[in-house]
2 protein chains.
Amino acid sequence: MAAVPSFLIADDHPMVRDALASALGQAFPSAQIAVASTLAQVQAALDREPETDALLLDLDMPGMDGLTGVALLRSEHPIVPIIVVSAAREPAVVRRAYEFGASAYIDKSASLEEIVGTVAAVLDGEIFAPPESEPTDTFSQRAAQLTPQQWRVLALMIQGDQNKQIAHKLGVGEATVKAHVTVILRKLGVRSRTQAVIEARSLAIPVAEPVRP
Amino acid sequence: MAAVPSFLIADDHPMVRDALASALGQAFPSAQIAVASTLAQVQAALDREPETDALLLDLDMPGMDGLTGVALLRSEHPIVPIIVVSAAREPAVVRRAYEFGASAYIDKSASLEEIVGTVAAVLDGEIFAPPESEPTDTFSQRAAQLTPQQWRVLALMIQGDQNKQIAHKLGVGEATVKAHVTVILRKLGVRSRTQAVIEARSLAIPVAEPVRP
DNA sequence: TCAGGCCTTCGACTTTGGTCTGATTGTGGC
DNA sequence: GCCACAATCAGACCAAAGTCGAAGGCCTGA
């Protein structure tokens, strides 16, 4: 990493964001710290600063749609280590986060010391490599074959956007979007847009919860 | 309130806790601030300091069991104003928080300025009445208007079935299914099958809702 | 430098989705 | 009986979704 470490903190809760920023600021006094509160801001920040040493990414952010956002950022910036920060404790979420290319996973209920320690470990190159070994044909694996633009299209499909809207938001023709959709459906192994949305959304974070037998 | 305001911050996330504490410390330089990370610690702190001016209470804490913890604290210390802090944005949760005796409700995604402002308002005796009086037009309410057969159609839509498959499974014609779909979309207030599936599936996912009266 | 592969883009075409009009049948309540 | 509504379907029609083939740009290895 560079002599001056650079961080990007992405969380829509100002409290959490500030806490992380100040903690990292103290631990790395010379660090350059940027913040973002939406997926769009994250993308913009990474475009400006592609050499970012670590991205601390909250999963419950506007536009993230859970882990699909991780995959999207991963495909756009394969070099930037992503440290997923989430309140979710479910092992399934953690595992999927690694499958989608996260370098580390931090539970929000961890202490600031632990968090700083994890960040330092990532900076030192200790990429907690995805213990990928099983060749199980999971949906996540199929999804990993998507190109950056295809991820963008899928992210908008998941929000319920129609091809025309997607085309407008991405600044391309509707025919192009349709072509992407066709490829996406084939790569995901489904037969319709609705099925793709269902599968992809099941990757998103189930918002904490429930108890009560 | 006393000349020196006293706060109790209850949250099991160190990040959030520290952020709140420092924000309140800056806004009220002379304030006395205590923290707690479990319901038991909150109870102990309130027993020691029954004159606390404001309790900032996270809902997702060990032992809280959602809003029941609010009611418990309320009955033990009726004088202490409770400010519920939660990531939950659901109107139902907010409404119930007030029903259980909360003085204010703060969304975790609010800015620190807003939070400090809310705390100050509570200190001044402004009990925030639920601004939620409008007949909240929730998706669940709209969904309740569906007829039995429309539910069956929707259930199959949610599984990713196409109109033709649905018609076959229900033993009716495709035209009939289309007619049902049209009504379903209108009743749910969405514009496409995909959006209907997204909304309906998010409904099935358990939300932080203590029930069981 | 050129061939091959991949991403992205798009137009033309086919299929599915969704609306509208209008109609028939059955059910339950007032 | 009458009314309201659920359920069924047909046919026409427009919009959205999805497929196919093809072109240009970019990178990589021979």
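Sequence lines set the chain letters: A, B, ... in the order given, protein chains first and strands last, and positions in each chain run from 1.
Taking atom CG of residue A/Leu154 and atom P of nucleotide D/dG18, one finds them 12 Å apart after rounding to whole Å. Between the P atom of C/dG18 and the CD1 atom of B/Ile184 lies a distance of 10 Å, rounded to the nearest Å. Between the CZ atom of B/Arg152 and the P atom of D/dA6 there is a distance of 13 Å, rounded to whole Å. Separating the CG atom of B/Leu170 from the P atom of D/dC9 is a distance of 10 Å, rounded to the nearest angstrom. Nucleotide C/dC10 holds its C1' atom 17 Å from the NZ atom of A/Lys164, rounded to whole Å. One can place NZ of A/Lys178 at 12 Å from P of C/dA12, the figure rounded to the nearest angstrom. Here the P atom of nucleotide D/dT19 and the NE2 atom of A/His180 are 14 Å apart, to the nearest Å. Remark: C1' of C/dT8 and CG of A/Leu146 are 15 Å apart, rounded to the nearest angstrom.
Judged by distance alone, the side chains of B/Gln26 and B/Ser22 never bring a donor and an acceptor atom under 3.5 Å apart.
Here C/dT9 is the nucleotide among C/dT9, C/dG18, D/dT8 with the atom lying nearest to any side-chain atom of A/Val172. Nearest to the side chain of B/Val181, among D/dG18, C/dG18, D/dA7, sits C/dG18. Listed candidates were C/dG17, D/dT19, D/dA7. Nearest to the side chain of B/Arg193 is C/dG17. Listed nucleotides C/dG11, D/dA17, D/dA7 differ in distance to A/Ala175; the shortest reach to its side chain belongs to C/dG11. Among the nucleotides D/dT19, C/dC20, C/dC10, the one closest to any side-chain atom of B/Arg186 is C/dC20.
Regarding contacts with the backbone of D/dA7, every side-chain N or O of B/Thr176 stays at 4.0 angstrom or more from both OP1 and OP2. Dashed line: the shortest gap from a side-chain N or O of A/Asn163 to OP1 or OP2 of D/dA16 is not under 4.0 Å. Residue A/Thr147 places at least one side-chain N or O under 4.0 Å from the OP1 or OP2 atom of C/dT8.
No donor-acceptor pair closer than 3.5 Å links the side chain of B/Glu199 to the backbone N or O of B/Ala196.
At a threshold of 4.0 angstrom between heavy atoms, the contacts of B/Gln162 are confined to the sugar-phosphate backbone, with no base atom among them.
Atom CD of A/Glu114 and atom CD1 of A/Ile106 lie 9.0 Å apart (nearest 0.5 Å). Taking CG of B/Leu154 as the start and CD of B/Gln159 as the end, the distance is 10.5 Å to the nearest 0.5 Å.
The shortest side-chain heavy-atom distance between B/Leu170 and B/Leu156 falls under the 4.5 Å cut-off.
Comparing A/Asp161 and B/Glu174, the nucleotide of DNA chain D nearest to each residue sits closer to the 5' end for B/Glu174.
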